[in-house]
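Quick caveat, the model's predicted, so the values are computed rather than measured. Letters go in sequence order (proteins before strands), and every chain restarts at 1.
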There are 2 protein chains.
Amino acid sequence: MHAEQPVRSGRAKRLPRAVRERQIMDAAVDVFSRLGFHAASMDEISEVAGISKPMLYAYLGSKEELFATCIRRESTRMMEAISSGVESEEPPDVQLWSGLRAFFGFVGENRAGWQVLHRQASSQGGPFAEELADMRGRAISLVAALLVHSSDFTNVPRAGDKEAESLAAALVGAGESLADWWLDNPEEPAGVVAARLMNLVWMGFGDLVAGDVWHPPSRRSERGTERGAEEGA
Amino acid sequence: MHAEQPVRSGRAKRLPRAVRERQIMDAAVDVFSRLGFHAASMDEISEVAGISKPMLYAYLGSKEELFATCIRRESTRMMEAISSGVESEEPPDVQLWSGLRAFFGFVGENRAGWQVLHRQASSQGGPFAEELADMRGRAISLVAALLVHSSDFTNVPRAGDKEAESLAAALVGAGESLADWWLDNPEEPAGVVAARLMNLVWMGFGDLVAGDVWHPPSRRSERGTERGAEEGA
DNA sequence: CGCCCTACCTACTCGCCAGTAGGCTTACCA
DNA sequence: TGGTAAGCCTACTGGCGAGTAGGTAGGGCG
């Protein structure tokens with residue numbers, strides 16, 4: 001799970017700065033995700049990275065800077081993974097579906113990064129929460145925009161932005177929570193988990209218990225009550 | 001927001017142990033919720049509680065014990081608040097509605113306690129995560145049972161327990177996240193926020209963008225597309 | 001009044017960890 | 001081949017915070 005770099009003994013091999021920085025970041029994400037910001041020590045990070053502490057300070061600055069850099073890197077990666085999977089010309093439900101698949105795909109590929117983002121960062125008070133809340137805010141805005149856009153497709157009086165934002169917050173939270181649940185129940189493929197959430201938020205329990213499910217685009221025109229939307233990752 | 005006890009100067013007034021313990025617990029929840037486990041210091045907790053550090057140790061034991069006790073107290077309070085609001089003879093949607101109202105009511109009354117529960121506890125690795133995951137697990141089980149029970153009301157082939165559990169996890173996460181959002185947007189009453197989540201998870205976006213909303217029990221038989229379910233806390 | 005138990009305190013120890021001073025080695029290039 | 005800069009190190013300091021030793025006050029009860 002966290003075997004980043006073998007523990008070093010003696011002097012480390014000379015490597016160009018960019019490479020070392022990547023190693024250090026990987027190690028930092030690993031350690032922060034396991035221990036949280038305060039419990040993680042720079043000594044342990046440097047050890048996992050296979051270098052000595054002064055290198056760490058020379059390249060990445062203080063502990064806080066390092067942590068903030070980790071959050072930025074991981075959140076950027078994640079937002080890119082999600083937005084690159086979504087085509088804005090598609091209908092809203094398909095966009096949502098693509099986003100969810102991209103999200104769960106990212107989490108599955110990148111568990112340590114996800115933990116840093118979701119758990120550790122939000123609990124620290126400093127500049128991190130800010131950094132993290134920022135990304136979370138971007139995700140929520142993305143979803144909120146999608147929702148507002150959705151109602152333009154219909155003749156409904158447009159819901160207030162506040163309302164859309166709160167619903168988006170709920171959806172993002174559902175995704176986070178389900179992702180956590182998934183980490184403890186990893187046997188299922190990403191696609192199935194994503195499909196569950198899609199069904200929940202698009203159809204609602206009311207429809208689900210009545211047997212109505214949402215269908216992925218490929219079988220869009222068929223009607224029925226069979227399972228649906230369960231292809232793999 | 002966190003003015004528990006005025007800062008003391010000199011010797012504190014003699015009080016019976018039970019009272020002091022309550023004060024200390026209140027102070028601890030306050031400090032832990034603001035700073036998180038590691039960043040919180042026993043010195044600060046004792047100061048906020050209006051006593052000296054050795055008292056703290058004499059009454060509540062080590063820092064870890066104190067934290068665990070906080071989590072236990074707050075989680076018990078919350079679960080009691082929720083389950084006391086739900087009547088198990090009601091139909092599933094009404095039960096869910098009652099549970100959501102109770103939950104948001106609790107969060108509104110008890111913000112510090114909520115933060116300790118939701119943010120701080122989950123990020124620490126020790127015996128706390130266990131304690132907290134336990135309560136979260138109870139909440140998820142509660143919802144999962146409700147879902148499984150819901151499908152008994154219909155003729156749908158009963159969903160797997162795993163599926164119900166994952167949906168419950170998503171719902172609980174949505175509630176947590178929406179509660180956090182609410183802390184940043186406190187102008188709305190608890191009932192409105194609860195109604196939003198109810199609509200989301202029961203009706204789904206698909207119905208919502210089409211103008212269908214869920215109605216609270218009092219107007220159960222009416223049909224229509226007006227707002228609905230928005231009375232106060 | 002004197003005993004003692006409980007509530008409460010000041011003032012430490014001690015380990016851990018962020019951050020640094022100062023110096024050694026290897027690659028590259030003039 | 002010697003200069004120099006980039007990559008790397010060992011070995012410290014300084015402070016913070018958990019936990020404790022060893023007390024002082026004040027109320028109840030004989």
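- Within the 3.5 Å criterion, the main-chain N or O of B:E163 finds a donor-acceptor partner in the side chain of B:S166.
- Side-chain nitrogen and oxygen atoms of B:R20 include none within less than 4.0 Å of the OP1 or OP2 phosphate oxygen of C:dT6.
- Summarising the geometry, the separation between CG on B:L35 and C1' on D:dG17 is reported as 14 Å, rounded to the nearest angstrom.
- Taking the six-membered ring where tryptophan is involved, the planes of A:F104 and A:W182 are perpendicular, since the angle between them exceeds 60° and thus also 30°.
- Residues A:R72 and A:D134 are not paired through a salt bridge, judged by the lack of any N-O separation under 4.0 Å between the basic side chain and the carboxylate.
- Taking atom CZ of residue A:F67 and atom P of nucleotide C:dG19, one finds them 14 Å apart after rounding to whole Å.
- Between D:dC8 and A:Y59, a contact under 4.0 Å exists linking OP1 or OP2 to a side-chain N or O.
- The pair A:R77-A:E80 does not meet the salt-bridge criterion, since no charged nitrogen lies less than 4.0 angstrom from a carboxylate oxygen.
- Here C:dC9 presents its P atom at 14 Å from NZ of B:K13, a figure rounded to the nearest Å.
- Side chains of A:S83 and A:R138: no donor on one and acceptor on the other come within 3.5 Å.
- Using a 4.0 Å cut-off between a side-chain N of Lys or Arg and a carboxylate O of Asp or Glu, B:E188 and A:K162 do not qualify as a salt bridge.
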Letter per nucleotide, 5' to 3', of nucleotides 25-30 of chain D [B base touched, S only sugar-phosphate touched, - untouched; heavy atoms, 4.0 Å]: BB----

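- For B:M55 and D:dT24, the CE to C1' distance is 14 Å, given to the nearest whole Å.
- Protein atom CG of B:L15 is 22 Å distant from nucleotide atom P of C:dC5, rounded to whole Å.
- Other residues, nucleotides and ligands contribute only 12 or fewer heavy atoms inside 6.0 Å of the CZ atom of A:R22.
- Put simply, the side chain of B:N199 gets close to the backbone of B:A195: a donor and an acceptor are under 3.5 Å apart.
- Rounded to a whole Å, the CD atom of A:E44 is 15 Å from the C1' atom of C:dA18.
- Between B:F32 and B:F37, the ring-plane angle classifies as parallel under the 30° and 60° cut-offs.
- Per the geometry, CG belonging to B:L56 stands 11 Å off P belonging to C:dC9, to the nearest Å.
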Polar atoms only, N or O, under 3.5 Å: list the protein pairs with nucleotides 18-21 of chain D and their distances.
| unit_1 | atom_1 | unit_2 | atom_2 | d |
| --- | --- | --- | --- | --- |
| D:dA18 | OP1 | B:A40 | O | 3.3 |
| D:dA18 | OP1 | B:K63 | NZ | 3.0 |
| D:dA18 | OP2 | B:M42 | N | 2.8 |
| D:dA18 | N7 | B:K53 | NZ | 3.4 |
| D:dG19 | OP2 | B:Y57 | OH | 3.2 |
| D:dG19 | OP2 | B:K63 | N | 3.1 |
| D:dG19 | N7 | B:K53 | NZ | 2.7 |
| D:dG19 | O6 | B:K53 | NZ | 2.7 |

